[in-house]
2 protein chains.
Amino acid sequence: MSTSELSSRISARLAQDIAVGEIACGAHLRAQEVADRYKVSRTPIREAFAALEEQGILRRFPNRGYFVADSIPQNIISEIKEAVDVARDEYQIFAEDWLTDQLPEIVTEQALRQRYNMTKARLSDLLARAAREGWAERKEGYGWRLLPVAKTAEAFDEIYRFRMAIEPAAMLEPSFKLNKEALASLRRTQERMLEGGVNSLPAEKLLDNGATFHEELARMSNNPFFLSALERVNRMRRLMEYRTKIDRQRLTEQCTDHLEIVSLLEQGEVLEASFFMRRHLSSALRRKARTAKFWSMTHQKD
Amino acid sequence: MSTSELSSRISARLAQDIAVGEIACGAHLRAQEVADRYKVSRTPIREAFAALEEQGILRRFPNRGYFVADSIPQNIISEIKEAVDVARDEYQIFAEDWLTDQLPEIVTEQALRQRYNMTKARLSDLLARAAREGWAERKEGYGWRLLPVAKTAEAFDEIYRFRMAIEPAAMLEPSFKLNKEALASLRRTQERMLEGGVNSLPAEKLLDNGATFHEELARMSNNPFFLSALERVNRMRRLMEYRTKIDRQRLTEQCTDHLEIVSLLEQGEVLEASFFMRRHLSSALRRKARTAKFWSMTHQKD
DNA sequence: TATCGGATTATAGCCTCCTGAAAAACAATC
DNA sequence: GATTGTTTTTCAGGAGGCTATAATCCGATA
């Protein structure tokens, strides 16, 4: 029964893949293959398999390994699909507390350990992550300083303006190279969203798809600094957007824009695509500005 | 005599400031003021003061505090100026080892602890820092993966191209606001360098001045994402440039460019300054490209 | 021969106690 | 009243043992 954190993470991901149909029913799951994919050893994989067998998602044949069950009850599938949203981890709680002024600007590790009831190691991971994302920094002596970077409503604008600087530029890098497959995959995702996903998928997934779209394009620049800068601001954006209600009308327009960009790129019109990207971000900024203003009036003090 | 790490860091910085003339002879050093500047309490400051008094750099008057000595022997001054270079900490050694292929791509914490003879906590700080800078990431199971981001000669180009995208854009941000004082201070630093500093200052200090120049301008954009992105790539650049010989001729041209940018800004010609910045970076890139090529032939294998 | 299954080895997180050092509170001096 | 000097409190890093769990090795099986 000992489901370690790692193996349960893995089993959750596998379950996802099976539920979505990424992994076909009846397929043989080779332990080593899966281990390679997740870049871990076979040990946690086997644990994950065992856990999934208990749920009836996999079947085991001694000395032959695990196979995806031939049919999986609908109720289990929907159960799996919903499970994603629950993953509100300590980090998000911490971030949320900071964004909502529940924490002082200067905090000691002790105070945080007490508040969140965490061990030293876990806490220092937490802080390292926040530091990595750019909103916490260790003071020289004791304590940490939490930065207001992502707190203000203006941060929305700032992120969009930053993206306006890097994303179109990334597409014009001399090392930029179209990745047809990635592009096709992006197109599929956006089309699926337009064909109803916008209204059915969970908010988190929708935001994720949007971020992935932009990041994949940045990746094609083949300049890792553009990509990692974008990933960075996107992570921070997510912290904030997590709290705002999603505007599904806006998402539809976004997807249309995204598809337009894909089309331009497919035709090799990189320069046009870059321009269009800039406009796309700029219109998002204008819209955001209004949302942010509203948000600031309703959620911020003074 | 217990000189903690923090207080000795502080005393080193103070000594620097005094040696360079940033802090005048005979000046009264108020403990609280210095503490505020370094964002620590008075305790480590007082220790630093005591250490500096022992070296004869400060004088103590009971109940009145510490004062900079009226005259500091030349030999002590040059000693201080050289001391900077020695501060090659574990992090730099670690980075160096990775850049020179002394470390495998996948490493366990144990292996690193043994190699560098570090405690758990220090090592995890080290790795957190590398992760923060973007060239290490924790694997899902045990171990860390070191990323080749900053290893290749191309990374030089990539960083400069990234900077070409963000730095001129930062100056055109609607929130951009000139900071006259900061500008004046930058001008002074650059002028000092042209007036001989280029040949006398330690390499590290020179690189530092350059980075600071650009970062201060990015700060004036009042968009923290531009600034932090620049700081990020600068840190990485430093890891690499640390190993290459410094070209003092090139530095002179750089300083001239920097002064030109300051002049444009002082006249309110922000647009021109932005253009000039782009050209400035682009010429550095062209030059770098040659250096990097040379560097790759001489330092890299295959 | 590729894959699985079980046994062994190694890793890293957690816990507790301990201590040097930083922060904070308080007292003294000009 | 601002600043220094002293004391007390709090903090976080270090060491070492313990344990869950990940990696690895090796034999078994189809």
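In this structure, the CZ atom of B/Arg113 is 10 Å from the C1' atom of D/dG16, given to the nearest Å. In this entry the distance linking NZ of B/Lys139 with P of D/dA22 reads 12 Å, nearest Å. Atom P of nucleotide C/dA24 and atom CD1 of A/Ile106 are separated by 9 Å, given to the nearest angstrom. Taking atom CD of residue B/Gln110 and atom P of nucleotide D/dT21, one finds them 18 Å apart after rounding to whole Å. Computed from coordinates, the A/Gln32 CD to C/dC4 P distance equals 9 Å when rounded to whole Å. Atom CD in B/Glu5 sits roughly 16 Å away from atom P in D/dA12 (whole-Å rounding). The distance between atom CG of B/Leu112 and atom C1' of C/dA10, rounded to the nearest whole Å, is 15 Å. Note: NZ (A/Lys120) to C1' (D/dG14) measures 8 Å, nearest angstrom.
Nucleic acid contact class of B/Leu123 (heavy atoms, under 4.0 Å, all strands): none. Heavy atoms of B/Arg122 sit under 4.0 angstrom from primed sugar atoms or phosphate atoms, though from no base atom. The residue B/Leu127 sits apart from the nucleic acid: no heavy atom pair falls under 4.0 Å. Backbone-only engagement by A/Arg60 is indicated by non-hydrogen atom pairs under 4.0 Å involving sugar-phosphate atoms exclusively.
Looking at which nucleotide of DNA chain D each of B/Asn63 and A/Val107 is closest to, the 5′-most match is held by B/Asn63. Place A/Leu6 and B/Pro62 on DNA chain D by their nearest nucleotides, and B/Pro62 ends up nearer the 5' end.
A salt bridge does not link B/Glu33 with B/Arg37: every distance from a Lys NZ or Arg NE/NH1/NH2 to an Asp or Glu carboxylate oxygen is 4.0 Å or more. Ion pairing between B/Glu140 and A/Arg13 holds under the 4.0 Å rule for side-chain N and carboxylate O.
Side-chain atoms of B/Arg132 come within 3.5 Å of backbone N or O of A/Ala131 as a donor-acceptor pair.
Across all non-hydrogen atoms, the minimal contact from B/Leu99 to B/Leu239 is CD1-O, 3.8 Å.
For C/dT3, neither phosphate oxygen OP1 nor OP2 lies less than 4.0 angstrom from any side-chain nitrogen or oxygen of A/His28. Of the side-chain N and O atoms in A/Ser41, one or more sit less than 4.0 angstrom from OP1 or OP2 of D/dA23. Proximity of A/Arg9 to the phosphate of D/dT21: no side-chain N or O atom is located under 4.0 Å from OP1 or OP2.
The aromatic rings of B/Trp135 and B/Phe94 sit tilted, their planes meeting at an angle between 30° and 60°.
The nucleotide whose nearest atom lies closest to any side-chain atom of A/Tyr142 is, among C/dG5, C/dA22, D/dA22, C/dA22. Among the nucleotides D/dG13, D/dA23, D/dT4, the one closest to the side chain of B/Arg42 is D/dT4.
Between the base of C/dA21 and the side chain of B/Thr43 there is no donor-acceptor pair shorter than 3.5 Å. Evaluation of atom-type donor-acceptor distances gives no pair under 3.5 Å for the side chain of B/Arg64 against the base of D/dG5.
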